[in-house]
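First up is the structure itself, then whatever we jot down about it.
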Amino acid sequence: MEGNISIVIIDYSFSTSFFIRLANSDRKRKYIFIVTSISSFYKVKASGYEVYLISRFSRKSDICFPKESYINAKEIKLRIMNECDVYNIFSKILNLISKILSSQYHENFNLLVWSGAGVSGEVVRFVKGYYENLNISTGFFEISNLPGKIFVDCLGTNAQSSIYLSKCKQLKYIDDEINNDYLNWLDICKKSKLGVYTPPQANLGKKLNIFHFFDFLFSISLGYRLFSFDSVLKKLPIKNKKNGITFDEKLPQEYVFFPMQVSSDAQLILNSDLDNRTALNLILKEFKGNVVIKPHPAERNVKYIFDIIDSNKDRVFFTNGNTYELIVKSSKILTINSTVGLEGLIFGKDVKFYGHSFYSYFDDNIMKNYIMNLLIDIDFFNTNLALCINEKEIDKIYSLVR
């Protein structure tokens, strides 16, 4: 359902440029922004849009809401914020959304948010249920980890998404045209990833600029800190602690591949019953052959698995080699819920997921339909605000926002 007004809640500063580009390119809807960082506020304001900044001085809502409305926010589960602060920011975002809804005389509204696993996403879900008399559609956005494509869903991302909850039933049909398009895309994808390839999100995580400095000062004084200190440390020029570990230069010909995830990764904590250590122990019990492990490039300390490696030196190999070459040469990929699992499926590998992931429901047809039909062809990492988004892709976004 298309709406006349899109209310965008930005609690992830890196998504600011994307949402401004979307607003700049969309001629069918009016955009109003609610932001939690000072850099996002000034970027949106400079682009000429109505924008509200959440701070410790923002007014809370008069609407009563149960604890269940916000207790599952990632900021609590990841111990980024205490429960009281999450309650307060939930109430303040709710107050602003409610004011916008009551002041705009339009039939349809869209509530858009990046990821949706945090407190902003919980507010969006609450608002849609609370204002049942209004036509409110919701859209949750996420990078797909595939070049030039993003993910959009009406319920959430990852294990909160509609495709996870439906076990990908809506993606089972595929036609010949999609199949041909996929083969062309696959050829380009393989060539790019088997070369010298650095995921754009890896470079994004290393960027540190003056905006981060002002955002940090604002968050610890007048605003709220919705990011972990670990995410700040990753941007500092400090070497990761490998604690004397040496990588194996020679790998066995036959092996299963276990790509580790960042131990503080929200995907790992929110959508899995296993952490890296527990998963590795389970893998070594289930598989008696060689296991090749690659630590995540953003992992700051791998010391917590040293004892497992030392006690299995004869068949556990530690490497920092090219991920895609490791995928191609492996006999099987074992992952908790990393997107390396999806890349393994793309390369035609047998993949086992130990965590919650809609990739675990993929067969060949579903995967092709997901990549070529469901994902949106927008480059999230292009921050050029003058670059327009294709109208066809905007229409596709709003076909998924409902």
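All figures in this text were calculated on a predicted structure; none of them were measured in a lab.
- In this pair, Tyr12 and Phe380 present their aromatic rings parallel. The plane angle is below 30°, not in the 30 to 60° band.
- Of the N and O atoms on the side chains of Thr16 and Ser13, not one donor lies less than 3.5 Å from an acceptor on the other residue.
- Residues Ser330 and Lys349 bring no donor and acceptor atom of their side chains to less than 3.5 Å of each other.
- Looking only at distances, no side-chain donor or acceptor of Arg79 sits under 3.5 Å from a matching main-chain atom of Ile76.
- Residues Ser357 and Asn337 bring no donor and acceptor atom of their side chains to less than 3.5 Å of each other.
- Side chain of Thr278 to main chain of Leu274: no donor-acceptor pair is present (N/O by atom type, distance under 3.5 Å, no hydrogens or angles).
- Counting heavy atoms from C-beta on, the side chains of Arg21 and Asn382 come closer than 4.5 Å.
- For Glu391, the CD atom counts as loosely surrounded, since its 6.0 Å shell holds 12 or fewer non-hydrogen atoms of other residues, nucleotides or ligands.
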Working note: Ile376 + Leu400, criterion side chain to side chain contact (heavy atoms under 4.5 Å, CB included); need CA distance, chi angles, decisive distance, verdict.
CA-CA 10 Å; Ile376 311 295; Leu400 298 167; 3.9 Å; yes

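- Scanning both residues, Ile80 and Leu226, for their nearest heavy atoms gives CG2-C, 3.8 Å.
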Pair Tyr361, Tyr164 - check side chain to side chain contact (heavy atoms under 4.5 Å, CB included), show working.
CA-CA 8 Å; Tyr361 300 119; Tyr164 176 80; 3.9 Å; yes

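- His212 has its ring centre no less than 6.0 Å from the ring centre of Phe227.
- No donor-acceptor pair under 3.5 Å is formed between the side chain of Ser61 and the backbone N or O of Lys92.
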Determine whether Phe247 and Phe317 satisfy the following criterion, ring-ring contact (aromatic ring centres under 6.0 Å, His included), listing intermediate values before the conclusion.
CA-CA 8 Å; Phe247 292 108; Phe317 298 82; over 10 Å; no

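- Annotation: Trp114 is in aromatic contact with Phe18 [ring centroid separation under 6.0 Å].
- Looking at Ser15 and Ile10, their side chains come closer than 4.5 Å, going by heavy atoms from C-beta outward.
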Which is it for Tyr70 and Asn88 under the side-chain hydrogen bond (donor to acceptor under 3.5 Å, both in side chains) test, yes or no, and what are the steps along the way?
CA-CA 10 Å; Tyr70 62 87; Asn88 287 333; over 6 Å; no

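- Note that Lys332 lies outside the cation-pi zone of Phe287, set by a 6.0 Å cut-off to the ring centre and a 45° limit from the axis.
- A cation-pi arrangement, defined by a distance under 6.0 Å to the six-membered ring centre and an angle within 45 degrees of its axis, is present between Arg125 and Phe140.
- A distance of 4.0 Å separates CD1 of Ile389 from CD1 of Ile378, quoted to the nearest 0.5 Å.
- When every heavy atom of Leu375 is checked against every heavy atom of Lys396, the shortest pair comes out as O-NZ, 2.8 Å.
- The shortest side-chain heavy-atom distance between Leu374 and Asn369 does not fall under the 4.5 Å cut-off.
- With a 4.5 Å cut-off on side-chain heavy atoms, Leu146 and Ile371 count as touching.
- The distance from atom CG of Leu284 to atom CZ of Phe258, rounded to the nearest 0.5 Å, is 9.5 Å.
- Within a 6.0 Å radius of OH in Tyr304, other residues, nucleotides and ligands contribute more than 12 heavy atoms.
- Contact annotation: the side chain of Val8 never approaches that of Ile34 to less than 4.5 Å [non-hydrogen atoms, C-beta and beyond].
- A cation-pi contact, defined as under 6.0 Å to the ring centre and within 45° of the axis, links Lys43 to Phe211.
- The aromatic rings of Phe257 and Tyr255 sit perpendicular, their planes meeting at an angle over 60°, well past the 30° parallel limit.
- If you run side-chain contact (heavy atoms from CB on, under 4.5 Å) between Lys368 and each of Tyr182, Trp185, Phe362, only Tyr182 comes through.
- For the atom pair CD (Glu299) and CD (Gln261), the distance works out to 10.5 Å, reported to the nearest 0.5 Å.
- Taking the six-membered ring for Trp and the full ring otherwise, Phe33 and Phe41 have centroids separated by 6.0 Å or more.
- Here CG of Asn365 is found 12.5 Å from SG of Cys168. Values are rounded to the nearest 0.5 Å.
- Taking 4.5 Å as the limit, some side-chain heavy atom of Ile97 sits within range of a side-chain heavy atom of Leu101.
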Residues Ser6, Asn110; criterion side-chain hydrogen bond (donor to acceptor under 3.5 Å, both in side chains); working and verdict:
CA-CA 4 Å; Ser6 289; Asn110 304 300; 3.2 Å; yes

Yes or no on side chain to side chain contact (heavy atoms under 4.5 Å, CB included) for Ile9 and Val35, after CA distance, side-chain angles and deciding distance?
CA-CA 6 Å; Ile9 303 96; Val35 302; over 6 Å; no

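- Across all non-hydrogen atoms, the minimal contact from Ser69 to Glu122 is O-CB, 3.3 Å.
- Listed here is the closest heavy atom pair of Gln170 and Ile163: NE2-CG2, 3.1 Å.
- Within the 4.5 Å cutoff, the side chain of Ile327 has heavy atoms near those of the Ile333 side chain.
- Shortest non-hydrogen contact noted between Val51 and Val44 is CB-CG1, 3.7 Å.
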Salt bridge (Lys or Arg N to Asp or Glu O under 4.0 Å) for Lys352 and Glu286? Distances and angles first, verdict last.
CA-CA 12 Å; Lys352 180 173 183 178; Glu286 291 183 351; 3.1 Å; yes

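- By the 30° and 60° cut-offs, the orientation of the rings of Phe141 relative to Phe19 is perpendicular.
- Shown here is Lys67, whose NZ atom has no more than 12 heavy atoms of other residues, nucleotides or ligands within 6.0 Å.
- Taking all atoms of both residues into account, the shortest heavy-atom contact from Ile346 to Met367 is N-SD, 3.6 Å.
- Taken from OG in Ser103 to CD1 in Ile32, the straight-line distance is 6.5 Å, to the nearest 0.5 Å.
- In this model, no donor atom of one side chain and acceptor atom of the other lie less than 3.5 Å apart for Asp248 and Thr319.
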Side chain to side chain contact (heavy atoms under 4.5 Å, CB included) evaluation trace for Ser161 with Leu165:
CA-CA 6 Å; Ser161 67; Leu165 297 174; over 6 Å; no

Checking salt bridge (Lys or Arg N to Asp or Glu O under 4.0 Å) for the pair Lys392/Asp395: CA distance, chi angles, key distance, verdict?
CA-CA 5 Å; Lys392 178 183 175 183; Asp395 289 342; over 6 Å; no

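- With rounding to the nearest 0.5 angstrom, the CZ atom of Phe358 is 9.5 Å from the OG atom of Ser162.
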Going through the distances and angles, do Lys294 and Thr323 end up as a side-chain hydrogen bond (donor to acceptor under 3.5 Å, both in side chains)?
CA-CA 8 Å; Lys294 180 178 179 179; Thr323 299; 2.8 Å; yes

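- No side-chain donor-acceptor contact under 3.5 Å links Tyr359 and Glu343.
- Within the 4.5 Å cutoff, the side chain of Val123 has no heavy atoms near those of the Leu111 side chain.
- Aromatic ring orientation, Tyr398 versus Tyr31: perpendicular (interplanar angle above 60°, classes split at 30° and 60°).
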